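Lettering follows sequence order; numbering is per chain, from 1. For clarity, every value in this text was computed on a predicted model and none was experimentally measured.
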Amino acid sequence: MSNKKKDPTFLQSLKSALLENNPVLGQLLGMCATLAVTTSVSNSLGMGLATSAVLIFSNIFISLLRNFIPKEIRIASYIVIISGFVTIVQFLMQAYVPAVYESLGLFIPLIVVNCIILGRAEAFASKNSVPKSALDGVLMGLGFTAALLVIGAIREVLGNGTFLGINLFGKDFEPIRMVAQAPGAFIILGCLIALINYTLAKEKNKEDKE
Amino acid sequence: MSENNNKTDSGKIKNELFVIAPDDDEKIERFSGSIDSFEFIMPLDYDDENENESSRLSENDDVAVMVSDHNDSLHIDETVEADDTIKPAKKGKPSKVKAESPKKVKKPVSTGMFIFTISAKLILICAVVAVLIAAVYTVTSPLISKNESAKKEAALAEIFPEMTAYEVLPCDESGINELYLIKNDDTVIGYCGNVAPKGYGGEIGLMIGVNADKSIADIKVLSHAETPGYGANALADIKNSGYLGLNKETIELGVDVDISSGATRTSKAINNGVNSVLAVYDEYILPYTGEVIVELTPEEIEANAVNKAFGWVTEEHRAIKSVITEHGFDEIYVIKVTDPEAGEINGGYAAVITARNGDSSAKLVVTTWFGTINSIEAIDLKGEGFAELADNEELMIEIKRHINEGITPEGETFSEEGYAVYEKAKEVLEFYPAYLELIAISEEGGNVNE
């Protein structure tokens, strides 16, 4: 059983975080935040960055404390730490970028229950060193933000006729209202997941043939 | 097997695995003294198909520490760093750990101690997080309040572009957060109420502007948590909701304005907010914008009160507007006379009252002298019914007589308007005992408005 596992290179990790291990499109975590917030590109960007910030800091903190937290109370501890960071991020946003805070509104407190953060804390940060956990936070955050941006762009362009608030098609454009609401979000999400799976399967087939 | 060649360059343990045969208890024991926990250790070159080969640990073997994770699956624990290879002990001798394994030895602890440790750790974590949050809050909360005030000020300026100054009025009505009086130079042009009615998803922060004539100027949304596509759209579309320009005492949802379809709760919240702002008009705003019904100046009223009431009054008599505020009349004047012998005495008081009947109203000056009604004079009449009172001296005398002699008028004695005057004038006389008390207080130097 020669199981020499090489550490993946940074590029490999990045690709994995964006595709097959993408928290939203691959691991299917954090769906409710995704569907709710991706009505516009600016909202998606704001939410992605806020979640990434919380993810990185909570990963670092939890990794630092991984030997201190007894496993019996680990979930409780993680939640205390995560909600603490979300509260801090919320205050900072409210004070320094009130416009973004207004538009994200009640989704910021929802970051606490975003499964991505708790999931990564449990699966990675509690077992790995601080630098690695921080990097995992960055990569997962990137994957999450990327997924949000793609969905947000599609939904804003098709569902509202704008991109970053700029009207693209002129006044007579009838946006597809459903896209801006929940059903459209689900459908787009499903299509993206299918696309990624298809691409990965094709790649795998190519590799196997070689 | 030397001590050092088991280290990799990065200080991680070598990926070599060894199995301790399941019945090799002796060896397991020896290792358990220095490792946190482990399942079993197996050789790297363990050959599944040839199980019976080389499955025993020997002194010359390297071992790696393996720890089970929470799912009870096996993996190499990479957090065990530097020098973690452990020489299997020679028989009889305790195993040597070359370097400190970060995994501490699990000593058996009592249940009480265990619970205490866990609780203490959890409390510590909570405490540290709480301190961090408090620190960030202290830094950011002044900024946040500043942002909130700036937002409210901006809303005021948007609603009333001609505003030059505003004044915050103290208001302790339950529905209103703040009440702003909007001024253009010295004229009051309207007022704004900051309210937060409960909508569908929480409180909706609204700034509702009302003009001086009680018509709605504008409604600005400060914050909300309503559903996008439904309540949020209703809020974004407030301009077309029908509120703007509406002038009513209370606005009825569905009758005066439309309910936004699909956003009933939101519409109700907006309506409640608007009505609570309208409701404070009479008590808080009217003093600043009150309709000037009386055409006479205060001096003229004084002159009337004194002259018409007391034909014998000379320049030594003066009617001064009383500082008493709690009286329930529109105005009240205390009549002082200078008696040549007794000096200045308080003879009586005159009250300006408004009698109403339906839409009509009459402003009257009622004068009293030492506990009886002296005269009732109409100074401004609105509406048909009261118009008949103009210069109707006999009626006034009759009303006066009824009040002074304590006769209750019956049936058709007076018209409806006459009764209205009677009731109001009677109140003026009924104030006499209170007036005496207040005079006594003021003569002792006390504050009549306590």
Side-chain angles (χ1 to χ4, degrees), chain A residues 1-5 7 36-37 39-40 43 57 61-63 65-74 76-99 101-103 105-107 109 122-123 126-130 132 159 177-178 180-182, chain B residues 10 15 17 36 42-48 67 69-71 75-79 81 102-104 114-115 117-122 124-133 135-148 150-151 201-202 222-230 232:
Chain A
M1 191 166 103
S2 289
N3 235 346
K4 286 232 161 82
K5 228 191 183 172
D7 269 347
V37 143
T39 47
S40 74
N43 278 1
F57 284 112
F61 217 68
I62 289 172
S63 177
L65 292 177
R66 69 187 184 281
N67 295 319
F68 176 76
I69 300 176
K71 71 175 193 293
E72 288 83 0
I73 52 164
R74 66 185 194 279
S77 309
Y78 299 161
I79 295 201
V80 168
I81 293 171
I82 294 171
S83 48
F85 275 119
V86 171
T87 311
I88 289 176
V89 166
Q90 192 178 353
F91 284 147
L92 290 174
M93 284 181 84
Q94 225 180 337
Y96 296 109
V97 281
Y101 175 80
E102 285 300 321
S103 62
L106 66 86
F107 297 121
E122 169 86 346
S126 61
K127 300 168 184 158
N128 289 287
S129 63
V130 175
K132 277 199 168 179
R177 283 284 166 217
M178 178 193 78
Q181 290 170 357
Chain B
S10 62
N15 287 350
L17 314 170
D36 183 28
M42 36 190 299
L44 251 194
D45 50 4
Y46 186 68
D47 197 345
D48 278 340
V67 182
D69 72 3
H70 307 297
N71 297 324
H75 63 273
I76 302 267
D77 187 346
E78 291 167 346
T79 62
E81 288 159 356
K103 290 276 175 185
K104 301 238 176 353
F114 176 67
I115 292 179
T117 319
I118 286 192
S119 318
K121 286 187 170 180
L122 190 53
L124 184 61
I125 292 174
C126 294
V128 170
V129 172
V131 165
L132 274 176
I133 294 179
V136 174
Y137 178 74
T138 319
V139 170
T140 58
S141 86
L143 277 166
I144 293 177
S145 326
K146 219 171 41 141
N147 287 344
E148 296 284 305
K151 220 175 25 162
L222 299 175
S223 66
H224 73 91
E226 304 302 280
T227 322
Y230 299 94

Does any heavy atom of chain A fall under 4.5 Å from the side chain of Lys151(B), the backbone, both, or neither of them?
side chain
Under 4.5 Å heavy-atom distance to chain A, tell me which part of Ile115(B) shows up: side chain, backbone, both or neither.
neither
Could you grab the distance from atom [atom1] of [X] to atom [atom2] of [Y], nearest 0.5 Å is fine?
X	Y	atom1	atom2	result
Ile118(B)	Ile69(A)	CD1	CD1	12.0 Å
Arg74(A)	Lys121(B)	CZ	NZ	14.5 Å
Leu122(B)	Glu72(A)	CG	CD	11.5 Å

Does a side-chain heavy-atom distance below 4.5 Å link Ile125(B) with Phe68(A)?
yes
Ile133(B) side chain near Phe91(A) side chain, heavy-atom distance below 4.5 Å:
yes
For residues Val136(B) and Ile88(A), report the shortest heavy-atom separation together with the two atoms involved.
CG2-CG2, 3.6 Å
Quick one: closest heavy-atom pair of Ala95(A) and Thr140(B), and the distance?
CB-CB, 3.7 Å
More than 12 heavy atoms of other residues, nucleotides or ligands under 6.0 Å from CZ of Phe57(A): is that the case?
no
Contacts of type ring-ring contact (aromatic ring centres under 6.0 Å, His included), residue Phe61(A), not counting sequence neighbours:
Phe85(A)
Using heavy-atom distances under 4.5 Å, tell me whether Ser77(A) contacts chain B through its side chain, its backbone, both, or neither.
both
Tell me, please, which residues at least two apart from Asn147(B) pass side-chain hydrogen bond (donor to acceptor under 3.5 Å, both in side chains).
none
